[in-house]
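Presented below is the structure to which this report refers.
We name chains A, B, ... by the order of the sequence lines, and we start the count at 1 in each one.
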Amino acid sequence: MIRLMIRPTIAAIALASTAPVLAATHTVAPGEDAQERLQEALILAEPGDEIVLEAGRFAMADGLSLDVDNVTIRGAGMHASVLDFSQQQGSGEGLLVTSDGVTLRDFAVENPKGDGIKSKGADDIVYHAVRVTWTGGPKATNGAYGLYPVESTNILIDGSEVSGASDAGIYVGQSSRITVRNSVATDNVAGIEIENSRDAIVERNFVSRNTGGILVFDLPNLPVMGGGNVLVRNNLVAGNTTANFAPEGNIVASVRRGTGIMVMANENVWIAQNLLYDNPTAPIMVIAYPLEFSDPQYNPYPRAVTVAWNQVDEGGKDPQIDGAEQLLVAFGGALPPVMWDGLVGAAGAPPLAVHPEIAGWTLNLTEQGQGMAGARPAPLAVGAPGGAISTEGWGAGAELAARIK
Amino acid sequence: MKPGGILLAAAVLALGGGIAVHPKRGAAEPVRTVSDAAIMDGLPRTLAEYGFFADAPGQLPAAGVTPYRLNTPLYSDGAEKLRFVYLPQGQRLTADGEGLLRFPVGSALIKTFAFGEGAERRLIETRVLLHRAGGWEAQPYRWNDDQTEAELALVGGRTQVVTPEGQTISYRIPNKNQCKECHGLDGAVVPIGPKTRNMDARWLDAVVGEVPAGADTLPRWEDRARAPDEAAARAYLDVNCAHCHRPGATASNSGLDLRWEQRDPQAFGVLKRPVAAGRGSGGHEFGIVPGDPQASIMVHRMASTEPGVAMPELGKATVDRDGLGVVARWIEGMAK
């Protein structure tokens, strides 16, 4: 009997899936029950549909979520359509995306209690002209991440803005094929962070008033490790002088105020053609993971890091480092722009090459996890960059950029 | 566990003997009213369309619908939960070790959330998980004020309830997507409750027809004071946290794995640093600091109700004092 009932159902599903998909547009206006109306549209959307947010402020009492593939959420502009989470009562983020092929564009998320927009296991995603702002400025009570794609492949973040994140403004974690470009990250602890990820391009961003500008990290004890193949170029990284306001316990809480571009435990990182001004601890820092760890799969050392030509000021004029006064005297008033911890790892040779016109210094540490107490600072003496490398396969696919043309 | 829970447990065993779908008792089965068509397709607008209940407001199940309980339940602001499983005619549950029971296509899991005792009891929502040809689907139904019917609530909603502790809270009925946040595993929706390790051996024997190895090993929550601290705490974490905090699930990127079977202390939080905790860290360095619950992020987040800090992220407006106590006691007793 049950069979008789199931068969027509399966036939109906088969028919439905072969029928042409007609994309529909669902427009949602601000006002009463905006939360319910918008969430309903997100749940009932069919693949290919577009959810349009009219101009205005949308009061959100709970987090939103999208779990349908190939949906676009489009507002009237990052200052026109604002999802306001000031009164949020639940959920860990403002908007959660868990489906593939999604495009988020032209709207803002303000004052989410946790993260701003998180996309997890959401491949082929575009964030274009979206804004996440904690309007009270840098505060430890702000949420952790502004834009937060994680465990995903093929990610384009373009023309977006994040400020106020108590961890990283734009954070891409445990992902691959990533482009973060033309975006603005200000007043966060970390402006842009690429963590435990591969094949990433970070270019043409404006990164200012953070504690640290652009971080390329690899951390232990995570499902995805082995970060590498990261190109950081043509960014303006200036005035990252905000005191660290991250809650203790998070890795970024250890980032020193005044860090420009920081590489920790990655391989094959290329830093070129950036403009680095007023990052008074270290315009460029290359170090091993400094903490204890027990994960046998984890490599704490940076490998094959290239600092090619960058426009850099005189360097660390006001470093937030133990013994700063003596160091400044020793180095003639400013620490040279490139700081390395001196750890060579299994390779036995320095993990970085630096353009001959850019000076550096080393802590000359001899053991991972040793800390500043073991430092014997000295000028940096490493080789110059070799030939150009191939970035074939790095960054988001061209089809993502085509979506926002 | 409240008296209601114990009564329910007794009812389960009684019903399990009388109404449960069991091949041996097939001849005595009453007429079935459950709509297999509603389970298999569409978005039924009301709970009544499924026909799961002989008396829905009274939560008396129809033929083929069997109540069950869990040894250690998931905390939901102190809601009383009434759990049922439906199996299509002639189909049966199978067990494969201590993990999830295997449900044939056409099965349904039904869970009603209620607050208040006796005549004051009010049904808030009934969540159904339907095992369809293409996989499991979750649908939330919200009870009306008159308690006569529950209507499909794809977007969930909020409603005021008074918890058993007497606190008035804004209770969140999850939306369809939020169902998946907890029930999602490797991209698919799966049941999370009915693992044989967390179910009564007598029920399994009566309904499944066997008691697999490892079944009924999680302590009963009402007996937690007599259970070893570690067993009570690990059972609590398995049931309340591990549907997200495990590989392939919503919180997989945290690297924290709170499943009962996880034996690596760092994987379940001991001296494990946070990854994406943000202000959820509360200024602490590790998930669990042996001997020091107050310095443990796990305790800090369980003790919070603030979005962005509070764990679990969903289905929690109040702190589970009993659960927190069990976890804190376990951490307290760990060798430093």
Heavy-atom pair count under 4.5 Å with chain A, highest-scoring of B/K272, B/E285, B/K176, B/R172: B/R172
Residues which pass ring-ring contact (aromatic ring centres under 6.0 Å, His included) with A/F85, listed by chain and number, not counting sequence neighbours: none
Euclidean distance, A/K120 NZ relative to B/S252 OG, rounded to 0.5 Å: 3.0 Å
Beyond-backbone contact of A/L291 with B/R273, side-chain heavy atoms, under 4.5 angstrom: yes
Between OH on residue A/Y148 and CG on residue B/N253, distance to nearest 0.5 Å: 4.0 Å
Between CG on residue A/D62 and CG on residue B/N175, distance to nearest 0.5 Å: 8.5 Å
Option in A/A246, A/A140, A/G173, A/G92 with maximal non-hydrogen atom pairs under 4.5 Å from chain B: A/G92
Qualifying ring-ring contact (aromatic ring centres under 6.0 Å, His included) pairs, either residue in residues 266-285 of chain B, two or more places apart: B/F268-B/W330, B/H284-B/H300
A/S294-B/Q266 side chain donor-acceptor pair, cut-off 3.5 Å: yes
Spacing of B/D264 atom CG and A/N221 atom CG [to the nearest 0.5 Å]: 8.0 Å
Residue among A/V252, A/L219, A/V150 with most heavy-atom pairs under 4.5 Å to chain B: A/V150
Which atoms of A/Q89 approach chain B - backbone, side chain, both or neither, heavy atom under 4.5 Å: both
Chain A contact via B/R279 - which portion, at a heavy-atom distance below 4.5 Å: both
Between A/G249, A/A144, A/A253, the one whose heavy-atom pairs under 4.5 Å with chain B are most numerous: A/G249
Residues of residues 37-45 of chain A near chain B, each having a heavy atom less than 4.5 Å away: A/Q39, A/E40, A/I43, A/L44
Heavy-atom closest pair, residues B/Q178 and A/S91: NE2-OG, 3.5 Å
Segment of A/Y171 engaging chain B (4.5 angstrom heavy-atom cut-off): side chain
Separation of B/C179 SG from A/D67 CG (nearest 0.5 Å): 11.0 Å
A/Q87 atom CD, neighbour heavy-atom count above 12 within 6.0 Å: no
Heavy-atom contacts under 4.5 Å, residues 301-319 of chain B to chain A: B/P307, B/G308, B/E313, B/L314
Minimum side-chain heavy-atom gap B/V275-A/E195 below 4.5 Å: yes
Heavy-atom pairs under 4.5 Å with chain B, option from A/V224, A/N142, A/I251 with the top count: A/N142
Under 3.5 Å donor-acceptor, A/N250 side chain and B/G278 backbone: yes
Distance-only side-chain donor-acceptor flag, B/K180 / A/S65, under 3.5 Å: no
Which portion of B/R158 sits near chain A, non-hydrogen atoms under 4.5 angstrom: side chain
